[in-house]
Undergrad: 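The structure that follows is given in the form of structure tokens.
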Amino acid sequence: MNARVRFRTDPPGVVEVPARDHPVILIHVGPSVYIHCRRGPWNHSGLGVHGDIDIIPGGIPARWEMKETDRVILVEVENEPVEIVNRFQIRDRQLETLGRMMKTEMDLGYPNGRLYLDSLGSTVAEHLQNHYSSAAVPNSCKGGLGARLKQVISFVEDNLSQDLSLKELAAVAGVSVSHIKTTFRESVGLPLHQYVIQRRVDRAQMLLREGKLPISRIAAETGFSHQSHLSYHVRRVLGVSPSESARRYREVDRTMAVDDQRSARS
């Protein structure tokens with residue numbers, strides 16, 4: 001099983017993506033982005049929020065038009081000869097988790113080797129066949145909050161630097177505080193406060209990778225009260241300091257650039 005994962009950032013504007021031999025999964029991460037997409041005979045316009053997933057069948061080119069910068073985890077895996085169907089901005093907790101695990105493995109420099117990445121890729125391919133093939137009825141995987149989940153996640157993404165409250169997020173969803181605590185966990189698989197911390201760490205990772213801001217500024221941009229607060233949570237989630245995380249990103253980016261040059265020459 002050949003699996004490939006990338007982190008991609010596209011600026012506002014139009015992006016043309018040629019057809020691939022295999023299905024491609026795009027997991028949107030970071031701030032909300034209004035997107036218009038055309039894939040073969042299909043068109044879709046809507047707000048892409050963190051965790052939204054697009055599935056592009058093999059052999060289908062895509063055209064994306066974004067009003068803001070768009071960031072995605074791109075996963076491409078081989079699959080059995082079965083037709084994978086097109087999907088726009090779906091929610092699928094299992095597929096999102098698998099994609100995040102593959103990205104983490106990439107960010108850390110593939111410490112577990114090819115076998116681990118291929119095992120994750122095999123699980124992704126099996127999930128596609130079981131839920132998003134022409135022979136299967138796909139699950140919507142909306143979870144307990146349904147359509148209101150997207151509103152809550154979008155609000156979190158757009159306000160990560162703020163001191164968010166449970167009451168405030170319940171108001172966004174239009175439900176009670178006790179209801180959002182239960183249904184958010186059912187929808188996402190994490191308590192709301194843990195999800196917000198995870199997203200803050202993820203956003204910090206993104207800014208560390210870009211390398212444009214000092215760590216103290218990144219802490220403020222991601223809602224941590226000070227630099228040591230950021231360092232504590234980055235170490236807890238990633239097992240390394242923010243500076244070590246940034247160094248590893250630079251090494252991975254250099255390796256990927258070399259691989260791309262070799263692929264272009266071959």
Undergrad: Is any side-chain heavy atom of L26 closer than 4.5 Å to a side-chain heavy atom of I73?
TA: no
Undergrad: I need the minimum non-hydrogen distance between S32 and V49, along with the two atoms involved.
TA: OG-CG1, 3.6 Å
Undergrad: Testing the basics here: between H22 and V77, what is the closest heavy-atom pair and its distance to 0.1 Å?
TA: CB-O, 3.3 Å
Undergrad: Calculate, to the nearest 0.5 Å, the distance between atoms CD1 and CG belonging to I53 and D92 respectively.
TA: 5.0 Å
Undergrad: Decide yes or no for V234 and S241: does some side-chain heavy atom of the first lie under 4.5 Å from some side-chain heavy atom of the second?
TA: no
Undergrad: Distance-only criterion, 3.5 Å: show the donor-acceptor pairs between side-chain atoms of residues 212-220 and protein atoms not counting sequence neighbours.
TA:
from : atom 1 : to   : atom 2 : distance (Å)
R217 : NE     : E221 : OE2    : 3.0
R217 : NH2    : E221 : OE2    : 3.2

Undergrad: Taking only residues two or more places apart in sequence, or in another chain, which ones meet F184 in a ring pair (Phe, Tyr, Trp, His ring centres under 6.0 Å)?
TA: Y195
Undergrad: For P12, which residues count as a side chain to side chain contact (heavy atoms under 4.5 Å, CB included) partner, sequence neighbours excluded?
TA: T69
Undergrad: For R185, give me all partners under side-chain hydrogen bond (donor to acceptor under 3.5 Å, both in side chains), at least two apart in sequence or on another chain.
TA: none
Undergrad: Less than 4.0 angstrom from a charged side-chain N to a carboxylate O is my criterion; do D54 and R87 meet it?
TA: no
Undergrad: Return the set of residues passing salt bridge (charged side-chain N to carboxylate O under 4.0 Å, His left out) with R203 (not counting sequence neighbours), or none when no residue passes.
TA: E157
Undergrad: Check ring pair (Phe, Tyr, Trp, His ring centres under 6.0 Å) between H193 and all other residues, then give those that pass, not counting sequence neighbours.
TA: none
Undergrad: Look at atom CD of E210 and say whether more than 12 heavy atoms of other residues, nucleotides or ligands are closer to it than 6.0 Å.
TA: yes
Undergrad: Quick one: do R63 and E65 make a salt bridge, cutoff under 4.0 Å?
TA: yes
Undergrad: Looking only at non-hydrogen atoms, find the nearest pair between V152 and A173 and report the distance.
TA: CG2-CB, 3.5 Å
Undergrad: Looking at residues at least two apart in the chain, or sitting in another chain, which of them share a ring pair (Phe, Tyr, Trp, His ring centres under 6.0 Å) with F155?
TA: none
Undergrad: Once rounded to the nearest 0.5 Å, what's the spacing between atom CD1 of I27 and atom CZ of R100?
TA: 9.0 Å
Undergrad: Taking the side chain as every heavy atom from C-beta outward, state whether H127 and Y132 have any pair of such atoms under 4.5 Å apart.
TA: yes
Undergrad: Do V29 and D202 make a side-chain contact, defined as non-hydrogen atoms from C-beta onward lying under 4.5 Å apart?
TA: no
Undergrad: May I ask you to decide if G30's main-chain N or O and H50's side chain share a donor-acceptor pair within less than 3.5 Å?
TA: yes
Undergrad: Which atom names give the shortest non-hydrogen contact between P23 and L128, and what distance separates them?
TA: CB-CD1, 4.4 Å
Undergrad: Between I55 and P57, what is the shortest heavy-atom contact and its length?
TA: O-CD, 3.7 Å
Undergrad: Check whether any side-chain heavy atom of V17 sits under 4.5 Å from a side-chain heavy atom of W64, and report yes or no.
TA: yes
Undergrad: Within this structure, what is the CD1-CG distance for the pair I35 and L47, rounded to the nearest 0.5 Å?
TA: 8.0 Å
Undergrad: Begin with the C-alpha distance, continue with both residues' side-chain angles, and end with the deciding distance and a verdict on side-chain contact (heavy atoms from CB on, under 4.5 Å) for I153 and R91.
TA: CA-CA 12 Å; I153 290 177; R91 306 295 301 188; 3.0 Å; yes
Undergrad: Under the side-chain contact (heavy atoms from CB on, under 4.5 Å) criterion, do D52 and K150 qualify, and how do the steps go?
TA: CA-CA 9 Å; D52 277 357; K150 196 165 190 173; 3.1 Å; yes
Undergrad: Considering residues at least two apart in sequence or located in another chain, which fulfil the ring pair (Phe, Tyr, Trp, His ring centres under 6.0 Å) criterion with H44?
TA: F88
Undergrad: Test your reading of the model: is there a side-chain donor-acceptor pair from R71 to the backbone of M206, 3.5 Å cut-off?
TA: no
Undergrad: Let me confirm one number: the OH-OH distance from Y110 to Y116, rounded to the nearest 0.5 Å.
TA: 12.5 Å
Undergrad: Taking salt bridge (charged side-chain N to carboxylate O under 4.0 Å, His left out) as the test, write out the residues that go with D10, two or more places apart.
TA: R8
Undergrad: With sequence neighbours left out, write down each residue that passes side-chain hydrogen bond (donor to acceptor under 3.5 Å, both in side chains) with D70, or none if nothing qualifies.
TA: H28
Undergrad: Hey, could you give me the OG1/CG distance between T123 and D118, rounded to the nearest 0.5 Å?
TA: 10.5 Å
Undergrad: For K67, which residues count as a side chain to side chain contact (heavy atoms under 4.5 Å, CB included) partner, sequence neighbours excluded?
TA: Y34
Undergrad: So which heavy atom on G59 is nearest to which on A19, and how close?
TA: C-CB, 3.4 Å
Undergrad: Would you confirm whether E105, through its side chain, and N112, through its main-chain N or O, come within 3.5 Å as a donor-acceptor pair?
TA: yes
Undergrad: So do H233 and I197 actually touch side chain to side chain, heavy atoms under 4.5 Å?
TA: yes
Undergrad: Does S225 have any side chain to side chain contact (heavy atoms under 4.5 Å, CB included) partners at least two apart in sequence or in another chain, and if so, which?
TA: H229
Undergrad: In Å, rounded to the nearest 0.5 Å, how long is the span from NZ of K181 to OG of S176?
TA: 10.5 Å
Undergrad: Are V188 and R93 side-chain neighbours, meaning at least one heavy-atom pair lies under 4.5 Å?
TA: no
Undergrad: Is any side-chain heavy atom of R39 closer than 4.5 Å to one of I56?
TA: yes
